[in-house]
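The structure appears right after this line, and notes come after that.
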Amino acid sequence: MERRQPPQTEEGWYVLHDFRSIDWDAWRDAPERRRSQAIEEGVEYLSAAESVADAEEGESATFAVLGHKADLLVLHLRPTLADLDALERRFEGTALAEFTERADSYLSVTEVSGYMSQDYFDEDAEVEDTGMARYIETRLKPEIPDSEFLSFYPMDKRRGSEDNWYDLPFDERAEHLSSHGDIGKDYAGRVTQIISGSIGLDDFEWGVTLFGDDPTDVKELLYEMRFDPSSSRFAEFGRFLSARRFPPEDLGAFLAGERIPREGEESRGEHPHASSESGGHHHGDSGGHHGDSSSSGRGDHGSSGGPHGDDDEDLRSELEDMGVYAGQPHGEDVHAVVLYSAADAEELFEEVDGLRGNFDHYDTHVKTAVYEPEVGGDDGETAVVSLWETERAASTAAGFLADLPDVVRQAGDDEGDSWGTMGMFYSVKPEHRGDFVGTFEEAGELLAEMDGHRKTDLLVNREDENDMFIASRWDSREDAMQFFRSDAFSEAVEFGRDVLTDRPRHVFLA
C-alpha cells in the first residue's frame, strides 16, 4: 500500500484564543468598589500581557467579541505551553475573573511546512534567500496586527470517501494550495492572517485568525475562496467568531457599554498586513485553509540605528552640521524597505504595482517604486523601495515584499563582511538631470580609488527619471565614514544644493 508523503513542519510559538463571557447580572449587581477593583486588576493583567512582561518574547491582544458566543477574547502567543498556562492561571487570580466564565478556547502552534520551502527542511541545503528566511521566521513568530477587526475559525481538511485530502499525492496538494494562494494576492494589504496547527492539541487541525480594518474585506476573501477546490472539495470549518480590538485601558468603557473606539477616534489600523507566500495568503498543510501564513513580517530594513547605536547618532549629527539630513533609525523620517531582485524589470513592476494598489489603502504608506540601474547596476539587479511612516508598517510590508520574484537580498542584511550605505530621495531638477548623472560618473571614478570601496550604483525610478538613489558597499563601516568626512563628500553635498529639489538625505544600511 502506498503511503502518501506528508509535508515536513517546523513549529514556533504556541497560540491560545481565550474566549470569555461576562456575567452581566453579577456585574450590574456588584458594588462600585468591586467593579472598580475588577477593572483595575483587569487593565493591569491585560496591559502586562500585551507588553509581554511575563516572557522573553511573544504577543497578546484584547478584543470585544460580537454576538452571543462570547464577550471578550484575549489572544496570546508565547514560546512555551508553560507560558500560556501561567497566563491562564494569572487571569483567574484577578477580580475581573470573578465576573467571567470561559465560553470557549482554542490551542494551537504556529508552523511552516514543506509547501513553503523544501530547502528549508533539507539538511544539506541552505536558504540563501534572506527574504524567505526572514519570512519563515515571521511565520513562526508573528506579530498581532493593529487591525480593528478579527475573525477566528478552526478548520479541517476533508477525509471523505470521495474527497480525501490526505489521499492526494504531495504534488497535487501543493498545486491546489498554490492556486488557492493566488486568490489571496488581491487582498494583500487588506487582510492579514495567523495560521496555526492544532493536530493533537485541539478539536480541529488548524486555527485561522484573520485581521483587517474593513470586515467586508475578510468576508469577500472567504467568499471568493469558497469557490476554489481547496475549499469547496477539501475544507471543513468550525464556527466563526468575530471581534473588535480595543486597548486594555478601555476595559472600563467596554464593561460600561460605551463605544470603542470612542466617537472621533481614528481607526487603529496603521499598516499593511502582508501575510503570505506568493505575495498573498500562503497555503499549505501547515496553514490548512489559508496556508503557511501569519501576520506581519518582521523584516529588518535600512537602519541608521541598527547595530551601531550611538556611533551612528554621532555620524548623523556630523552630517546634520553639514546640512545633510541623515535620517532616523530605519533610515528616514519615514521607514524604508529596500530589496533587490534579478527578475525581469517589467515583470517585477507588474507585481509591485499590484501590491502598491493594496498598500495605498493605508495612510501610513508613503510610496512603493521600482528602481532600475542607470549607472553601475549591481550586476543588472533591480531594486524595490517601499517607504512607510511607521516601523511596524514597514516591517509588515517587508515580509510581504520578500516574496516578490527572484529577490536576491534585502538591503541591510546581506554580505556580513561588508557595510552598505544608501543615498535616497534624490529628486533632481529636470534641467540638471544630465549634470547629476555626469557628476555621479566622475564621483564613481574617485570612489574606485578609495580604500575599502567595493561598488557604487545609481538607480532610477522607472516611473520618474528624476527620482534616484545611490547605493554603495564598503569593506567596513569605518571606510564609509571616512568618505562621509572627506572633502569630496562635502563637495557633493554642495553640488546637490544646486541640482536637487530638496536637500540630500542619506540612509545607512548595516
Side-chain angles (χ1 to χ4, degrees), residues 129-132 134-135 138 143 145-146 185 187-190 192 269-276 278-280 295-304 306 327-341 343 345 347-372 378 381-414 420 422-427 459-464 467-471 505-510:
D129 185 340
T130 56
M132 175 58 74
R134 182 184 302 103
Y135 179 82
T138 62
E143 287 185 4
D146 287 334
K185 291 182 179 180
Y187 295 85
R190 293 185 285 159
T192 306
E270 67 171 27
H271 59 77
H273 308 301
S275 66
S276 54
S278 312
S295 67
S296 52
R298 292 178 177 169
D300 299 327
H301 8 287
S303 172
S304 56
Q328 299 298 322
H330 295 276
E332 264 294 341
D333 46 346
V334 292
H335 297 253
V337 182
V338 183
L339 304 98
Y340 293 92
S341 172
E347 175 190 356
L348 187 65
F349 176 76
E350 291 179 2
E351 294 277 350
V352 170
D353 196 38
L355 292 180
R356 185 167 54 187
N358 292 322
F359 288 168
D360 284 340
H361 285 87
Y362 296 88
D363 293 338
T364 50
H365 181 229
V366 178
K367 79 171 185 179
T368 298
V370 174
Y371 290 76
E372 297 178 277
D378 199 13
E381 292 171 354
T382 302
V384 177
V385 177
S386 191
L387 307 178
W388 299 83
E389 291 181 358
T390 66
E391 179 181 352
R392 290 193 68 177
S395 292
T396 302
F400 185 74
L401 290 164
D403 203 46
L404 287 168
D406 297 327
V407 170
V408 294
R409 70 179 184 283
Q410 181 166 321
D413 61 5
D414 59 314
M422 178 177 293
M424 295 186 67
F425 305 98
Y426 292 156
S427 297
L459 294 98
V460 179
N461 185 338
R462 76 190 316 269
E463 297 171 276
D464 180 1
D467 174 21
M468 310 184 193
F469 75 81
I470 296 173
R505 303 170 179 177
H506 218 82
V507 177
F508 301 98
L509 303 175

Query raised in the report: Does D360 have any side chain to side chain donor-acceptor pair (under 3.5 Å) partners at least two apart in sequence or in another chain, and if so, which?
Result: H365

**Report entry** Nearest-0.5 Å distance that lies between atom OH in Y340 and atom CG in L459
**Finding:** 6.0 Å

**Report entry** Test applied, side chain to side chain contact (heavy atoms under 4.5 Å, CB included); reference residue, L348; option that passes from T382, D406, V407
**Finding:** T382

**Report entry** Considering all heavy atoms, the nearest L339-A402 contact
**Finding:** CD2-CA, 3.7 Å

**Report entry** Counterpart residues, side chain to side chain donor-acceptor pair (under 3.5 Å), relative to E463 (two or more places apart)
**Finding:** R356

Query - Ion pair D464/K367, N-O distance below 4.0 Å - result: no

Query raised in the report: If you take all heavy atoms of V385 and F469, which pair is closest and at what distance?
Result: CG2-CE2, 3.7 Å

Query raised in the report: Do L404 and S341 have side-chain heavy atoms sitting under 4.5 Å apart?
Result: no

Query - Contact summary for N461 and Y371, nearest pair of heavy atoms - result: N-CD2, 3.2 Å

